[in-house]
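Comments concern the structure below.
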Amino acid sequence: MKDSALGFAKTGDGIPVPELERNAQGWLLDCEIRQHSRAATATRRIILDKLLWFLRTNEYPTCGVRELRGFLAYLTRGHENAGGRWGNPQLARPVRPRTVHTYHGHLRTFFRWMIAEGVSDWSPMEAVSAPIARTDQVRPFSEQQIAALRQVAKSTQNARRHEAVVSFLYDTGVRASELCALSMKDLDQ
């Protein structure tokens, strides 16, 4: 069924890439109006930019189920390309399963938004199964590894400070970036 106002078939056919791009901008504006966090809106912008890059690079005129499956597959194995993922040679490592799951969820939300806006009466993402997002298997340090870290810390110029940093990281499980962001007011004195 062709919708004359929108200029494309709303059920079953892919959505033309220019129409998808126009609605991507609308969705991001809607995120700002509804006061989503800057981080959430930035993540959505990145995901949509990557999808549009993929569609244009592969010269797809429309975006449907097949193209979205291809996009998620590319996300999974695009690092194997000679130029790296997204044409960036520095992106030559696989992404985590959680990343693919995140992309899937945001795209599903975007296409559902398009339905709510009356742009489409179907979502190609509904036919794309959500990938399994296994939790990363993080193994704790062995006693020997902890002892080696502490020994290295003791052999530095600022031994007490470095020992405290190593102990704090190990005992609390915070990320190094979180430790670096701490200030004196964050610590219980």
Side-chain angles (χ1 to χ4, degrees), residues 1-76 78-79 84-88 90-91 93-133 135-136 174-183 185-186:
M1 132 177 125
K2 198 121 174 122
D3 183 298
S4 58
L6 298 174
F8 65 93
K10 290 171 73 174
T11 304
D13 293 340
I15 298 167
V17 172
E19 184 70 22
L20 190 74
E21 184 173 15
R22 189 177 69 74
N23 281 286
Q25 294 305 316
W27 186 48
L28 294 171
L29 284 172
D30 186 64
C31 289
E32 289 180 30
I33 292 166
R34 294 174 57 205
Q35 299 183 2
H36 288 226
S37 73
R38 286 185 183 188
T41 303
T43 298
R44 289 175 172 184
R45 178 173 278 110
I46 290 167
I47 290 170
L48 290 172
D49 286 347
K50 299 300 185 190
L51 174 62
L52 291 166
W53 176 91
F54 174 81
L55 295 170
R56 287 187 197 111
T57 300
N58 290 292
E59 299 179 355
Y60 291 127
T62 61
C63 179
V65 175
R66 183 177 57 94
E67 293 81 8
L68 288 166
R69 284 186 178 138
F71 174 67
L72 292 173
Y74 175 80
L75 182 61
T76 302
H79 65 282
R85 186 180 306 100
W86 319 124
N88 182 345
Q90 293 179 337
L91 300 177
R93 293 188 341 201
V95 297
R96 292 185 171 140
R98 185 75 195 151
T99 300
V100 182
H101 192 268
T102 298
Y103 271 64
H104 183 278
H106 283 289
L107 290 173
R108 187 180 60 227
T109 302
F110 169 60
F111 283 99
R112 286 179 178 172
W113 176 85
M114 287 180 61
I115 292 170
E117 290 291 303
V119 173
S120 181
D121 60 3
W122 72 289
S123 167
M125 284 303 294
E126 298 307 320
V128 179
S129 299
I132 297 170
T135 56
D136 292 334
V174 299
R175 294 180 176 99
S177 61
E178 293 170 326
L179 173 66
C180 292
L182 286 176
S183 65
K185 68 179 180 181
D186 298 321

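Computation of the quantities below employed the complete heavy-atom set of this structure, encompassing side-chain atoms and omitting hydrogens, waters and symmetry-equivalent molecules.
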*Using the side chain to side chain donor-acceptor pair (under 3.5 Å) rule, collect all pairs that involve residues 31-43, keeping only residues at least two apart or in two chains.*
Asp30-Arg34, His36-Arg44
*Might you work through the side-chain contact (heavy atoms from CB on, under 4.5 Å) test for Glu117 and Met114, ending with a clear yes or no?*
CA-CA 5 Å; Glu117 290 291 303; Met114 287 180 61; 5.7 Å; no
*Evaluate the criterion side-chain contact (heavy atoms from CB on, under 4.5 Å) for residue pair Leu75 and Arg85; output intermediate values, then yes/no.*
CA-CA 8 Å; Leu75 182 61; Arg85 186 180 306 100; 4.2 Å; yes
_Show the nearest heavy-atom pair for residues Glu19 and Arg22, with the distance to one decimal._
OE2-NH2, 2.8 Å
*asked:* Could you check whether any side-chain N or O of Asn88 sits under 3.5 Å from a backbone N or O of Gly84, counting only pairs where one atom can act as donor and the other as acceptor?
replied: no
*Provide the closest heavy-atom pair for Ala127 versus Arg69 in the form atom of the first, atom of the second, distance.*
O-NH2, 2.5 Å
*Rounded to the nearest 0.5 Å, how far does CD1 of Ile46 lie from OG1 of Thr102?*
12.0 Å
_Pairs involving residues 57-67, ordered by first then second residue, that meet side chain to side chain donor-acceptor pair (under 3.5 Å) (sequence neighbours left out)_ = none
*How many angstroms lie between atom NE2 of His104 and atom OG of Ser129, to the nearest 0.5 angstrom?*
7.0 Å
*Output yes when Glu21 and Arg56 qualify as a salt bridge under the 4.0 Å nitrogen-oxygen rule, no when they do not.*
yes
_Test side-chain contact (heavy atoms from CB on, under 4.5 Å) on Leu72 and Val128; report intermediate values, then the result._
CA-CA 9 Å; Leu72 292 173; Val128 179; 3.7 Å; yes
*Heavy-atom distance under 4.5 Å between the side chains of Arg108 and Glu126, does that happen here?*
yes
_Within the 6.0 Å centroid threshold, strictly below: Trp27 and Phe111_ = no
*Would you say Ile47 and Leu107 make side-chain contact, with heavy atoms under 4.5 Å?*
yes
_Separation of Phe54 CZ from Tyr74 OH (nearest 0.5 Å)_ = 8.0 Å
*When rounded to the nearest 0.5 angstrom, what is the spacing between OH in Tyr103 and CG in Leu51?*
10.0 Å
*Provide the full list of side chain to side chain donor-acceptor pair (under 3.5 Å) pairs with a residue in residues 45-54, sequence neighbours left out, each pair given once.*
none
*Do the non-hydrogen side-chain atoms of Cys63 and Leu68 ever get within less than 4.5 Å of each other?*
yes
*Does the side-chain contact (heavy atoms from CB on, under 4.5 Å) test come out yes or no for Phe110 and Leu20, once each step is laid out?*
CA-CA 10 Å; Phe110 169 60; Leu20 190 74; 3.5 Å; yes
